[in-house]
Engineer: 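To start, I am sharing the structure in question, which I have written as structure tokens.
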Amino acid sequence: MSQPGREDTDTPQGLAFAISAYVLWGFLPLYMKLVAHIPPAEVVAHRVLWSLPIAGLLLVIAGRTKDLRAALKSPATLAMACVTAALISVNWGIYVWSIASGHALDAALGYYINPLFSVALGAVLLRESLTRAQLVAIALAAAAVVVLTLEAGRLPWAAVGLTLSWGFYAFFKKKLPVGPNQGFMLEVLILTPPALGYLAYLSSQGGTHFSGSDVALLMGCGVVTAVPLIVYANGAKLLRLSTIGILQYIAPTMIFLCAVFVFGEEFGGARMIAFPMIWAALVIYSIPLIRQLRGQSRSASQS
């Protein structure tokens with residue numbers, strides 16, 4: 001995600017962009033709760049549809065439409081973009097459902113686990129070696145999921161689904177040979193025909209919610225979807241990956257706080273065991289990243 005020449009430095013602009021994006025994602029449950037009365041599939045369709053003009057306008061302003069045209073002419077790029085588009089739509093659907101159905105804590109859990117899953121994914125698919133701290137952190141996270149499963153008698157499907165869909169999305173997104181803004185535009189372009197088809201079907205059946213006060217809320221789904229992604233994409237280019245690794249806990253922490261103190265979701269029983277296990281895993285995982293940041297800061301100040 002970093003540009004050449006910026007791999008070992010953080011910029012104030014990058015920090016501002018990234019923190020802003022994670023804070024916006026942290027507040028997203030409050031907005032999704034406003035559309036909780038609308039079926040998740042319809043909300044996702046509108047997220048796609050109203051993200052399109054925002055993403056398109058950004059590319060026009062940035063003068064990057066040529067890159068998008070080149071991507072549209074590449075079968076390999078289009079095939080990979082279809083994979084990432086499918087994964088992000090599944091992620092959005094699970095997220096919208098989890099907030100609407102009172103499972104925001106599961107959403108927080110999924111995004112807490114995600115960085116550890118990404119590390120495990122790299123080890124399995126890319127044969128990347130794991131440190132002892134990473135192994136311990138992954139084991140703790142897996143044990144936390146087991147605790148929740150034993151208590152509920154089933155897997156925490158929303159958390160697992162969010163972890164898997166976002167983890168594989170990030171994995172395949174790295175293989176998409178276009179910039180992040182062009183990639184997002186390509187994904188929403190691919191998703192627009194099925195989104196329009198689904199909304200047309202709902203309209204023909206008289207089941208659409210695109211009326212009255214819901215019109216503004218559904219159109220706003222494009223803003224709350226596209227803006228954080230675009231802000232994050234531009235911030236990530238100006239930060240070290242280790243810095244991003246620490247900042248990414250902002251959003252699930254805010255989701256957790258919203259779930260407990262705003263939505264009033266129950267935090268007891270197995271969750272009182274599982275969440276501290278996840279937090280301990282993230283501390284173990286983050287210590288080497290913090291040491292790396294300090295070491296890089298000392299090197300930069302000495303040079």
Side-chain angles (χ1 to χ4, degrees), residues 22 25-26 28-29 31-33 35-36 38-48 51 82-125 137-138 140-174 184 187-188 190-191 194-195 198 221 224-225 228-229 232 248-249 251-256 258-260 263 265-267 270-271 274-275 277-278 281-282:
Y22 284 122
W25 276 324
L28 185 57
Y31 194 94
M32 290 295 108
K33 207 69 169 178
V35 294
I38 303 174
E42 186 175 356
V43 174
V44 171
H46 281 283
R47 290 187 77 172
V48 170
S51 291
C82 285
V83 173
T84 58
L87 287 167
I88 195 61
S89 62
V90 169
N91 182 269
W92 287 347
I94 297 172
Y95 182 83
V96 172
W97 175 85
S98 66
I99 301 301
S101 61
H103 290 82
L105 277 172
D106 284 343
L109 178 66
Y111 287 120
Y112 271 133
I113 295 174
N114 182 256
L116 303 176
F117 175 72
S118 295
V119 170
L121 200 61
V124 173
L125 297 183
I138 291 169
L140 270 174
V145 173
V146 170
V147 168
L148 291 170
T149 301
L150 291 175
E151 191 266 347
R154 57 178 176 78
L155 278 171
W157 288 112
V160 172
L162 287 170
T163 298
L164 292 176
S165 58
W166 185 262
F168 279 107
Y169 171 75
F171 177 81
F172 288 112
K173 183 82 168 180
K174 289 182 179 180
F184 178 64
E187 288 162 358
V188 292
I190 290 168
L191 292 170
Y198 178 69
C221 285
V224 300
T225 297
L229 277 170
Y232 169 79
Q248 65 185 319
Y249 304 140
T253 299
M254 291 182 65
I255 296 171
F256 172 85
C258 280
V260 175
F263 303 153
E265 292 188 17
E266 183 181 354
F267 185 67
R271 283 175 171 169
F275 270 88
M277 291 174 71
I278 292 293
L282 294 176

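Just so you know, residue 1 is the first one in the sequence shown, and it goes up from there.
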Engineer: Dump the intermediate steps for side-chain contact (heavy atoms from CB on, under 4.5 Å) on Y169 and L164, then the final yes or no.
Structural biologist: CA-CA 8 Å; Y169 171 75; L164 292 176; over 6 Å; no

Engineer: To the closest 0.5 Å, what do you measure between CD1 (I278) and CG (L148)?
Structural biologist: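 I278 atom CD1 to L148 atom CG measures 8.0 Å (nearest 0.5 Å).
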
Engineer: Partners of S118 by side chain to side chain donor-acceptor pair (under 3.5 Å), sequence neighbours excluded?
Structural biologist: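 Testing S118 for side chain to side chain donor-acceptor pair (under 3.5 Å), a comparison that skips the adjacent residues, returns none.
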
Engineer: Which is it for R47 and V96 under the side-chain contact (heavy atoms from CB on, under 4.5 Å) test, yes or no, and what are the steps along the way?
Structural biologist: CA-CA 10 Å; R47 290 187 77 172; V96 172; 3.9 Å; yes

Engineer: Tell me whether E187 is salt-bridged to K173, with the criterion being a basic N under 4.0 Å from an acidic carboxylate O.
Structural biologist: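 Counted as a salt bridge, because a side-chain N and a carboxylate O are separated by less than 4.0 Å.
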
Engineer: So do the side chains of L109 and T163 get within less than 4.5 Å of each other, counting heavy atoms only?
Structural biologist: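 When only atoms from C-beta onward are counted, T163 and L109 do not touch, as no gap falls below 4.5 Å.
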
Engineer: Find out whether V145 and L155 are in side-chain contact, i.e. whether some heavy atom of one side chain is under 4.5 Å from a heavy atom of the other.
Structural biologist: yes

Engineer: Side chains of C221 and V43: closer than 4.5 Å at any heavy-atom pair?
Structural biologist: yes

Engineer: Within the structure provided, determine whether L162 and I113 are in side-chain contact (heavy-atom separation under 4.5 Å).
Structural biologist: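 Heavy-atom side-chain distance check fails, nothing below 4.5 Å.
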
Engineer: Could you pull out the closest heavy-atom pair between A107 and I255, with the gap in Å?
Structural biologist: CB-CG2, 4.4 Å

Engineer: Return the orientation label for the F267 and F256 ring planes: parallel under 30°, perpendicular over 60°, tilted otherwise.
Structural biologist: perpendicular

Engineer: What's the spacing between L191 CG and S89 OG if we round to 0.5 Å?
Structural biologist: 5.0 Å

Engineer: What closest approach, in Å, do P115 and L282 show between heavy atoms, and which atom pair accounts for it?
Structural biologist: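 In terms of heavy atoms, the two residues are closest at CG-CD2, 4.3 Å.
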
Engineer: Return the minimal non-hydrogen interatomic distance between G167 and L121, and the atom names on each side.
Structural biologist: O-CD2, 3.8 Å

Engineer: Under the side chain to side chain donor-acceptor pair (under 3.5 Å) criterion, do Y112 and T253 qualify, and how do the steps go?
Structural biologist: CA-CA 8 Å; Y112 271 133; T253 299; 2.8 Å; yes

Engineer: Taking all atoms of both residues into account, what is the closest heavy-atom pair of A141 and A281, and its distance?
Structural biologist: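 For A141 and A281, the tightest heavy-atom pair comes out as N-CB, 4.2 Å.
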
Engineer: Counting C-beta onward and ignoring hydrogens, is there a side-chain heavy-atom pair between H46 and T225 closer than 4.5 Å?
Structural biologist: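 H46 vs T225: side chains apart.
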
Engineer: Would a distance-only check, ignoring hydrogens and angles, find a side-chain to backbone donor-acceptor pair under 3.5 Å from E151 to A270?
Structural biologist: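 Looks like no, no N/O pair under 3.5 Å.
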
Engineer: side-chain contact (heavy atoms from CB on, under 4.5 Å), that's the test. Do I88 and W166 meet it? Break it down for me.
Structural biologist: CA-CA 7 Å; I88 195 61; W166 185 262; 3.4 Å; yes

Engineer: Taking I99's backbone N and O only, do any of them form a donor-acceptor pair with K33's side chain (distance below 3.5 Å, no angle check)?
Structural biologist: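 The answer is yes, because a donor-acceptor pair under 3.5 Å joins these two groups.
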
Engineer: Of all heavy-atom pairs between A158 and W97, which one has the smallest distance, and what is that distance?
Structural biologist: CB-CZ3, 3.9 Å

Engineer: For residues E266 and R271, report the shortest heavy-atom separation together with the two atoms involved.
Structural biologist: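 Smallest interatomic distance, heavy atoms only, reads O-NH1, 2.8 Å.
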
Engineer: So F117 and F168, would you call those rings parallel, tilted or perpendicular, with 30° and 60° as cut-offs?
Structural biologist: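 Perpendicular: the ring planes of F117 and F168 meet at over 60°.
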
Engineer: Working note: E265 + V260, criterion side-chain contact (heavy atoms from CB on, under 4.5 Å); need CA distance, chi angles, decisive distance, verdict.
Structural biologist: CA-CA 5 Å; E265 292 188 17; V260 175; 5.8 Å; no

Engineer: With heavy-atom distances below 4.5 Å as the criterion, would you say the side chains of S98 and M32 are in contact?
Structural biologist: no

Engineer: Within the structure provided, determine whether L87 and N91 are in side-chain contact (heavy-atom separation under 4.5 Å).
Structural biologist: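 No. Closest side-chain heavy atoms not under 4.5 Å.
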
Engineer: How far apart are the C-alpha atoms of Y22 and Y232, what are their side-chain angles, what is the distance that settles it, and do they pass the ring-ring contact (aromatic ring centres under 6.0 Å, His included) test?
Structural biologist: CA-CA 8 Å; Y22 284 122; Y232 169 79; 5.7 Å; yes

Engineer: Do the ring centers of Y95 and W92 come within less than 6.0 Å of each other?
Structural biologist: no

Engineer: Indicate yes or no: at least one non-hydrogen side-chain atom of T149 is less than 4.5 angstrom from one of P156.
Structural biologist: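 A side-chain contact exists here, since the closest heavy-atom pair is under 4.5 Å.
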
